[in-house]
Amino acid sequence: MPELPEVETVVRSITARIVGKSIVSASFSSHRVTRGDHDATGTALVGSTISGVERRGKQIWICLDRGFLYVHLGMTGKLLWNGEPGKYTRACLQLTDGVLLFDDIRTFGRFEFFPERDTALAPVGPDALTVPVGEFVRRLRERRGRIKAVLLSQSFLAGVGNIYSDEALYSAGIHPRTPPGRLSEARARRLHTAMVEILEAAITHKGSSISDYVDGLGERGSFQQLHAVYGRTGEPCPRCATTIRRIVVGQRGTYYCPRCQRV
DNA sequence: TCAAATGTTTGATC
DNA sequence: GGATCAAACATTTG
């Protein structure tokens, strides 16, 4: 589910609803997601006022007047405004007006209070949507391994996941197993352009709803209809009609066109 | 019925 | 320090 475009869509859908409101009460049902003492987390949150919501890569930072609420959607997390609590609700914040829920089936997500921002987490690279092309190209070509694995690495670049790495590599005509150092300057720049264009288009379409992704108001995205290769094994390439193949790169299912994408 | 796969990150190991 | 792999978990797919 949630890569940069989906997280951005969630942030846009809830920000105006929660900023300026205070947390009246908090309840939790998963120690995996909160990574800590529920009472202490509740004590830290209750009484705080929400001053803003920011995204960095796939991270969501809900800024409070004292501290920060860090939210990561993992694979199946949902941040829902005024949703109905259910079997997979892991956290529930009652605000002065309305309720903010964190649902997460597989509990790979996080919902944690931090007194200070960023300090407790592994540093992430520049945001994929705003990284300057020069910086992207320079850092990319220093990396070893395979281009797809590098794009997925959040320490290299924040925000790209499995769907958008495949779509960006397809758009740029680059084979997912290409060593980054082998890319010409021109091809690396082309990859940057393709990546940013695809991320922006996906945001316009409110993200990709592959299975059950929805934004903060419960609405599905539609960008999955525009995927050229992701999840399209056996279908014809939109450009050359060659059959789309699925391989495994960096332990991840990887979709590509064997004719359009060469090393 | 069961094995494999699923969008994520992390931590261990080489 | 990087790259690679397994693990965390529940549900769906073949």
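Residue numbers start from 1 in every chain, and the chains themselves are labelled A, B, ... in the order their sequence lines are given, proteins ahead of strands. All of these numbers come straight from a predicted model, not from anything done at the bench. Computed from heavy atoms alone, side chains included, the values below leave out hydrogens, waters and symmetry copies.
When heavy atoms are screened at a 4.0 angstrom cut-off, A/R143 is found touching the sugar-phosphate backbone but no base atom. In this structure, A/I210 reaches the bases: a heavy-atom distance under 4.0 Å links it to at least one base atom across the strands shown. Within 4.0 Å (heavy atoms only), A/F156 reaches no atom of the nucleic acid at all.
Look at OH on A/Y230: it is 13 Å from P on B/dA5, rounded to the nearest Å. A straight line from NZ of A/K58 to P of B/dT9 spans 4 Å, rounded to a whole angstrom. C/dC9 atom C1' lies 9 Å from atom CG of A/D104, rounded to whole Å. Computed from coordinates, the A/E3 CD to B/dT6 P distance equals 13 Å when rounded to whole Å. Rounding to whole angstrom units, CG of residue A/L152 and P of B/dT9 are separated by 9 Å. For A/R55 and B/dT8, the CZ to C1' distance is 16 Å, given to the nearest whole Å. C/dG2 atom P lies 10 Å from atom CZ of A/R144, rounded to whole Å. As a whole-Å value, the separation of A/F108 CZ from B/dT9 P is 12 Å.
Put simply, A/R246 has a side-chain N or O that comes within less than 4.0 Å of OP1 or OP2 on B/dT6. Residue A/R146 has a polar side-chain atom (N or O) positioned under 4.0 Å from OP1 or OP2 of C/dT4. For A/Q154 and B/dT9, the shortest distance from a side-chain N or O to OP1 or OP2 is below 4.0 Å. The side chain of A/H72 places an N or O atom within less than 4.0 Å of a non-bridging phosphate oxygen (OP1 or OP2) of B/dT9.
The pairing partner recorded for B/dT1 is none, the criterion being a Watson-Crick or G-U wobble arrangement whose two distances lie under 3.5 angstrom. Across every strand in view, B/dT8 sits in a pair with C/dA8 that passes the Watson-Crick or G-U test at under 3.5 angstrom.
Positionally, the nearest nucleotide of DNA chain C for A/Q251 lies more toward the 5' end than for the other of A/Q251 and A/K87.
Ring centers of A/F102 and A/F111: under 6.0 Å apart, within the cut-off.
With salt bridges taken as basic N to acidic carboxylate O contacts below 4.0 Å, none links A/E8 and A/K206. Ion pairing of A/D103 with A/K87 is absent here, as no side-chain N (NZ or NE/NH1/NH2) approaches a carboxylate O to less than 4.0 Å. Of the charged side-chain nitrogens involved, at least one lies within less than 4.0 Å of a carboxylate oxygen, so that A/D166 and A/K148 count as a salt-bridged pair. A/R141 and A/E185 are joined by a salt bridge, as a carboxylate oxygen and a charged side-chain nitrogen come within less than 4.0 angstrom of each other.
The listed nucleotides are C/dA10, C/dC9, B/dT6; the one nearest the side chain of A/R32 is C/dC9.
Taking atom P on both nucleotides, C/dC9 is separated from B/dT1 by 25 Å, rounded to a whole Å.
Contact of A/R106 with B/dT6 (side chain to base): a donor-acceptor pair of N or O atoms is detected under 3.5 Å.
Within a 6.0 Å radius of CZ in A/R66, more than 12 heavy atoms belonging to other residues, nucleotides or ligands are found.
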